[in-house]
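In this text, all values refer to a predicted model and were calculated from it rather than measured experimentally.
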Amino acid sequence: MAALGGDGLRLLSVTRPERQPESAALNVPGPGLCCWVSVFSCFSLACSYVGSLYVWKSELPRDHPAVIKRRFTSVLVVSSLSPLCVLLWRELTGIQPGTSLLTLMGFRLEGIFPAALLPLLLTMILFLGPLMQLSMDCPCDLTDGLKVVLAPRSWARCLTDMRWLRNQVIAPLTEELVFRACMLPMLAPCTGLGPAVFTCPLFFGVAHFHHIIEQLRFRQSSVGSIFLSAAFQFSYTAVFGAYTAFLFIRTGHLIGPVLCHSFCNYMGFPAVCAALEHPQKWPLLAGYALGVGLFLLLLQPLTDPKLYGSLPLCMLLERTGASETLLCS
């Protein structure tokens, strides 16, 4: 070493290879480019989804069976092509998830049964008050109600009802696929999982503003009422979107958010005002409070990632060098 002299030591210090961070080894571009590509991809998906509803020109209202059938076609085409947007995002950013695209989007068998049952159970607990209200106001008893629910004729009637298919099947499946399964993998490396939970629903909430067009066109109410209703709808769809995004990240499955979405579409927004005027007001209010309390208490245990196996989004962030521990454990 002494024979090398000072210049030799200097040369060794310059030419010694330095260890590259994992994100650089994966050829991941800078965070600025990654975020621009992610946001633009999500915005394009949201516009494509909403725009597909209006490719058919019609003077009929949105609930007409002919309009619903046409929109089924266009929205199913857009939703089927939406994974290509994630594929293009992966190529543009150079991010390699380390797993298949379908697995990243929540299509996997590992832990599928708890992923289907536990989030739905958690959501039903949250709706304990509205479920009590529904049972109190239902003219039939529990036995008759179960007979109706389990009867094949009832299901056959539902499957031929275009509004039921839209609200309980097509909308939950396509919206969760586009706004959760496709957008969250693109946003998470840019924002992190926590901010992505609240960023992703903004696209979902804004996408529902298109209902204003329908209401203004058919003059279903005053302009002020329409915009007030749209603002309210944006608020609760954004909150609901954050909840299903949380479920998607914590379970690593798409099936849970889809089933919860379908259930919430069936229940609608809780009729709190009707509960306050109900003859059995106090038991109902106790049910509302108990449901919210149990939901908050069970939210973490019932979405514990240990119940669902490996979490693809957490693995994605580990490969890009990000550290996420709160939602991944």
Side-chain angles (χ1 to χ4, degrees), residues 41-56 58 62-89 101-108 112 115-116 119-120 123 158-187 196 199-211 213-214 233-234 236-249 251-268 313:
S41 299
C42 292
F43 180 74
S44 300
L45 270 180
C47 291
S48 300
Y49 186 92
V50 176
S52 70
L53 302 175
Y54 293 96
V55 296
W56 312 97
S58 175
R62 66 186 293 267
D63 288 334
H64 193 280
V67 174
I68 295 176
K69 287 179 182 179
R70 290 172 183 171
R71 290 184 169 184
F72 276 2
T73 303
S74 55
V75 83
L76 284 172
V77 169
V78 170
S79 302
S80 300
L81 295 176
S82 60
L84 295 179
C85 188
V86 186
L87 186 63
L88 179 61
W89 164 84
L101 191 64
L102 289 178
T103 299
L104 187 65
M105 294 171 58
F107 293 96
R108 61 197 187 102
I112 190 170
L120 181 59
T123 308
C158 288
L159 293 174
T160 57
D161 184 347
M162 291 297 105
R163 292 183 64 181
W164 186 91
L165 282 174
R166 179 191 64 191
N167 295 336
Q168 311 308 135
V169 180
I170 302 298
L173 178 60
T174 58
E175 289 180 2
E176 293 304 318
L177 173 61
V178 171
F179 292 94
R180 244 66 69 188
C182 289
M183 289 190 182
L184 279 170
M186 295 190 291
L187 285 174
T199 305
C200 185
L202 297 180
F203 294 98
F204 182 60
V206 170
H208 283 74
F209 271 119
H210 74 93
H211 293 308
I213 300 173
E214 304 267 347
Q233 188 179 35
F234 168 79
Y236 78 75
T237 51
V239 171
F240 172 77
Y243 172 56
T244 55
F246 176 83
L247 292 177
F248 181 83
I249 292 171
T251 65
H253 283 271
L254 182 62
I255 188 171
V258 170
L259 293 177
C260 293
H261 194 146
S262 180
F263 174 76
C264 290
N265 276 0
Y266 173 77
M267 293 299 297
L313 280 182

### Message
Quick check: do His253 and Phe107 have side-chain heavy atoms less than 4.5 Å from each other?
### Response
no
### Query
Any side-chain heavy-atom pair from Leu254 and Met105 closer than 4.5 angstrom?
no
Quick one: [atom1] on [X] to [atom2] on [Y], what's the gap to the nearest 0.5 Å?
X      : Y      : atom1 : atom2 : result
Cys182 : Leu177 : SG    : CG    : 4.5 Å
Ile255 : Glu176 : CD1   : CD    : 12.0 Å
Leu259 : Thr244 : CG    : OG1   : 12.0 Å
Asp63  : Arg166 : CG    : CZ    : 4.5 Å
Leu159 : Gln168 : CG    : CD    : 11.5 Å

Under 3.5 Å, side chain of [X] to main-chain N/O of [Y], donor-acceptor pair present?
X      : Y      : value
Ser79  : Leu76  : no
Asn167 : Asn265 : no
His64  : Ala66  : yes
Arg108 : Thr103 : no
Arg180 : Val258 : no

With Phe72 as partner, the option from Val169, Ile170, Val67 fulfilling side-chain contact (heavy atoms from CB on, under 4.5 Å) is Ile170
State, to 0.1 Å, how close [X] and [Y] come at their nearest heavy-atom pair, and which atoms those are.
X      : Y      : result
Met183 : Cys200 : CB-SG, 3.8 Å
Phe234 : Thr237 : O-OG1, 3.1 Å
Trp89  : Ser41  : CB-OG, 4.3 Å
Val86  : Leu101 : CG1-CD1, 3.5 Å
Ser52  : Val78  : CB-CG2, 3.5 Å
Pro201 : Ala242 : CG-N, 3.2 Å

- request: Using distance alone, with no hydrogens and no angle criterion, decide if Tyr243 and Thr123 have a side-chain donor and acceptor under 3.5 Å apart.
  value: yes
Arg70 meets the side-chain hydrogen bond (donor to acceptor under 3.5 Å, both in side chains) criterion, sequence neighbours left out, with none
Exactly one of Phe240, Phe248, Tyr49, Phe203 clears ring pair (Phe, Tyr, Trp, His ring centres under 6.0 Å) with Phe179, and that residue is Tyr49
